Amino acid sequence: MPDKKVIGLHELYAKDAIEADKQLWGRTSDPVSRRGFLQKGALTALSMALGSHMVFAEHFPAGMIPAGLANSDLPFSLPGKRAGLVVLNDRPINAETPPHLLDDELTPNDLFFVRNNGIPPEDIDVANWTLTIEGESAKQKKTYTLAELKSTFEHVTYNLTLECGGNGRSEFNPPAKGNQWSTGAVGCAAWTGVRLRDVLKAAGVKSDAVYVAYYGRDTHLSGEPGKVVISRGVPIAKAMEEESLIAWAMNGQNIPLLNGYPLRLVFGGFPASCSGKWLSKIVIRDRVHDGPKMTGQSYRVPCKPVAPGTKVPDDEMCIIEKMPVKSLITYPKTGAMIKRTARLPIRGKAWTSAARIKTVEYSIDFGSSWNPCNVKVPTNRYGWQGFFASVSFPQTGYYEVWVRATDMEGDTQPMLLPGWNPRGYLNNACHRIAVKVS
Ligand SMILES: Nc1nc2c(c(=O)[nH]1)N[C@H]1C(S)=C(S)[C@@H](COP(=O)(O)O)O[C@H]1N2
Ligand SMILES: [Mo]
């Protein structure tokens, strides 16, 4: 087990002063005027994070965050989100979570990445929010208010990982157009709602049903009223899985506005683009859905591998369904420094669309040899799994810690970039961090 007292950087960034005080000093005190002693574990973590020993630690004001750890001073104003997210774009809003801020077992709502294709709805009237089920393959059309939805169907909660299909795009060469996500278009939350299949069954699913798709209440960037921003879907079998949700809560709270308040779909294991936000309509289709961003090259990869830079005609592009196995090192941050004699605790998350993660391994010799990590048991399928290990280094110098996850299907992560594709999807190459040992 990792040392419980080793405090993740995210926790230092995350908590308010009083909370940070408790974490660092083991007691509550006035954050500005009181002083106390850093606990040994906290000091180790701090020193590691700072890259050197904190001299005069006993004089460091309780609750204050060391300047060496302070994030940028840029004003940060995404509603419901915390400083530390990296904003790629503000119209539409796109923001990703740096790896060290994904260290929590479940991603806090205010750190969950945002991928918007349009503008979130304004003036949401929750009391009058409705969800309609219809489509060629629906036996009848049904409309529910939020209250009706909540009182009609069984409530369930699952830990579900959402990852944008374009996560990791920034590494592809030749580059792909679109948001240049590095590693942070991913998060895992406990989602509460009703099962999509219960709601579909209540409307009645005809035997010719092929696809289930969504419409949301966000507005197109053009401002054109009624113009659909994005309308994607999943094959009927995916819609019928027990973990496929229509959710109104995330980690026990309302879903943040930017993540789809008050209602969204959540499908673990599929590209997050299938998980429609600000959900207002579900259609049961008798064909593969053909809404905006479902056709052409969107969220598709070449059906057969192509050479980097190849132009691929639409009819040779296949819809992305299952997301590949992947992992992230969430502690320490890249650039960590450590003494030769110390062991470096590492932690991270691994996820897959398969039943679960089988193994996670780390390498300190650029993939020549691999050592096992301890992997936590998932609460349910599609919830990410924490892993940890304690790493020692044979001599001083520069190292990289690489991590590789393998799932129950036997699929594993490539060390180098996987297949190039025109839109830059599905990069599940091993995550790596730099470590300096002195
Ligand atoms: N209505 C609507 N739903 C949407 C989107 C959107 O722009 N509008 N973006 C999709 C994409 S591409 C992704 S990756 C996920 C992102 O979910 P998040 O912003 O909650 O992280 O939402 C999906 N659902
Ligand atoms: Mo996405």
Side-chain angles (χ1 to χ4, degrees), residues 78-81 85-97 101-102 106-121 124 129 131 160-169 176-181 183-191 193 213-222 226-234 245-251 253-283 289 291-294 297-301 319-321 323 423-427:
L78 293 188
K81 297 291 164 181
L85 284 188
V86 177
V87 180
L88 303 183
N89 218 327
D90 62 0
R91 193 189 154 84
I93 293 170
N94 288 288
E96 67 172 306
T97 321
L101 296 181
L102 291 171
L106 293 170
T107 311
N109 293 11
D110 58 3
L111 284 177
F112 208 93
F113 82 98
V114 178
R115 197 292 183 243
N116 287 346
N117 290 267
I119 308 299
I124 292 168
W129 189 276
L131 173 67
L160 300 169
T161 309
L162 284 184
E163 183 181 17
C164 178
N167 196 21
R169 175 178 292 137
K177 276 194 213 129
N179 290 301
Q180 295 301 303
W181 302 109
T183 56
V186 64
C188 179
W191 300 93
Y214 69 81
Y215 290 88
R217 288 208 169 96
D218 41 351
T219 44
H220 197 268
L221 286 178
S222 65
K227 185 161 182 189
V228 177
V229 176
I230 179 172
S231 172
R232 305 199 69 244
V234 298
L245 300 187
I246 301 173
W248 56 77
M250 180 180 181
N251 297 323
Q253 290 166 320
N254 283 335
I255 297 171
L257 170 68
L258 295 179
N259 300 104
Y261 175 79
L263 198 66
R264 76 172 299 170
L265 287 170
V266 187
F267 298 105
F270 263 49
S273 52
C274 300
S275 297
K277 305 194 278 188
W278 311 290
L279 183 66
S280 60
K281 189 163 78 178
I282 289 173
V283 286
H289 185 58
K293 311 233 175 202
M294 194 74 226
Q297 308 251 320
S298 295
Y299 303 101
R300 293 179 185 229
V301 290
I319 299 171
I320 300 168
E321 295 191 340
M323 291 295 287
R423 290 289 181 93
Y425 296 119
L426 306 183
N427 175 6

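Predicted model, so just to flag it, every value in this text is computed and none were measured. We count ligands from 1, going down the list as the structure has it; atoms in each ligand are counted the same way. Reckoned from all heavy atoms, side chains included, excluding hydrogens, waters and symmetry mates.
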**Study point:** The single option from Lys81, Arg264, Arg115 passing side-chain hydrogen bond (donor to acceptor under 3.5 Å, both in side chains) against Asn259
**Key:** Lys81

**Study point:** Residue portion contacting ligand 1 (non-hydrogen atoms closer than 4.0 Å) for Asp218
**Key:** side chain

**Study point:** Leu265 side, atom CG; Leu245 side, atom CG - distance, nearest 0.5 Å
**Key:** 9.0 Å

Point to revise | Asn254 side chain to Tyr261 backbone, donor-acceptor under 3.5 Å | key: no

Exercise for review: Could you please spell out the steps behind the side chain to side chain contact (heavy atoms under 4.5 Å, CB included) verdict for Trp181 and Asn94?
Suggested key: CA-CA 9 Å; Trp181 302 109; Asn94 288 288; 3.7 Å; yes

Point to revise | Nearest-contact summary for atom 12 (S) of ligand 1 - protein heavy atom, Å | key: Tyr299 OH, 3.0 Å

Review point. Which one holds for Ser275 and ligand 1: side chain close, backbone close, both close, or neither close, with close meaning a heavy atom under 4.0 Å?
Key: backbone

Practice item. Output yes when a side-chain donor or acceptor of Tyr215 lies under 3.5 Å from a complementary backbone atom of Ser280, and no otherwise. Key: no

Revision key, fill the gap. Among non-hydrogen protein atoms, atom 17 (O) of ligand 1 lies closest to Arg264 NH2, 3.3 Å

Check your understanding: Counting N and O atoms only, with roles assigned by atom type, does the side chain of Thr97 sit under 3.5 Å from a partner on the main chain of Leu102, one being a donor and the other an acceptor?
Key -> no

Revision key, fill the gap. Atom 23 (C) of ligand 1 has as its nearest protein heavy atom Ala272 O, 3.3 Å

Check your understanding: Under a 4.5 Å cut-off applied to non-hydrogen side-chain atoms, are Arg91 and Leu221 in contact?
Key -> yes

Exercise for review: Would you tell me whether Asn89 and Asn179 have side-chain atoms, one donor and one acceptor, within less than 3.5 Å of each other?
Suggested key: yes

Check your understanding: Going by the atom numbers of ligand 1, which of them fall below 4.0 Å from some non-hydrogen atom of Ile230?
Key -> 2 (C), 5 (C), 6 (C), 7 (O), 8 (N)

Point to revise | Protein contact to atom 19 (O) of ligand 1 [nearest heavy atom, distance to 0.1 Å] | key: Lys277 NZ, 2.5 Å

Check your understanding: For the side chain of Trp278 and the backbone of Pro121, is there at least one donor-acceptor N/O pair under 3.5 Å apart?
Key -> no

Practice item. Using a strict 4.0 Å cut-off to heavy atoms of Val114, name the atoms of ligand 1 that fall inside it. Key: 19 (O)

Check your understanding: Roughly how far, to the nearest 0.5 Å, is the CG atom of Leu85 from the CG atom of Leu101?
Key -> 7.5 Å

**Study point:** pair Pro256-Phe112: side-chain heavy atoms closer than 4.5 Å
**Key:** no

Check your understanding: Below 3.5 angstrom, do we get any N/O pair linking Arg115 and ligand 1?
Key -> yes

Practice item. Just jot down the ligand 1 atoms closer than 4.0 angstrom to any heavy atom of Phe112, in number order. Key: 21 (O)

Check your understanding: Any idea which part of Asn259 is under 4.0 Å from ligand 1, heavy-atom wise: side chain, backbone, both or neither?
Key -> both

Check your understanding: Considering only heavy atoms, does Arg217 approach ligand 1 within less than 4.0 Å through its side chain, its backbone, both, or neither?
Key -> neither

**Study point:** Minimum-distance protein heavy atom relative to atom 21 (O) of ligand 1
**Key:** Phe113 O, 2.7 Å

Practice item. Assess Arg232 for proximity to ligand 1: is some non-hydrogen atom of it under 4.0 Å away? Key: no

**Study point:** Atoms in ligand 1 with a heavy atom of Gly276 nearer than 4.0 Å
**Key:** 3 (N), 24 (N)

Point to revise | For Cys164, the ligand 1 atoms whose distance to one of its heavy atoms is below 4.0 Å | key: 14 (S)

Practice item. Heavy-atom contacts with Ser273 under 4.0 Å: which atoms of ligand 1 show up? List them by number with element. Key: 10 (C), 11 (C), 12 (S), 13 (C), 14 (S), 23 (C)

Check your understanding: Does Asn116 have a non-hydrogen atom less than 4.0 Å from ligand 1?
Key -> yes

Exercise for review: Give, for atom CZ of Arg300 and atom CD of Glu321, the distance between the pair rounded to the nearest 0.5 Å.
Suggested key: 10.0 Å

Revision key, fill the gap. among protein heavy atoms, the one nearest atom 7 (O) of ligand 1 is Asn117 N, 2.7 Å

Exercise for review: Please work out whether any backbone atom (N, CA, C, O) or any side-chain heavy atom from C-beta onward of Tyr215 is under 4.0 Å from ligand 1, and answer side chain, backbone, both or neither.
Suggested key: neither

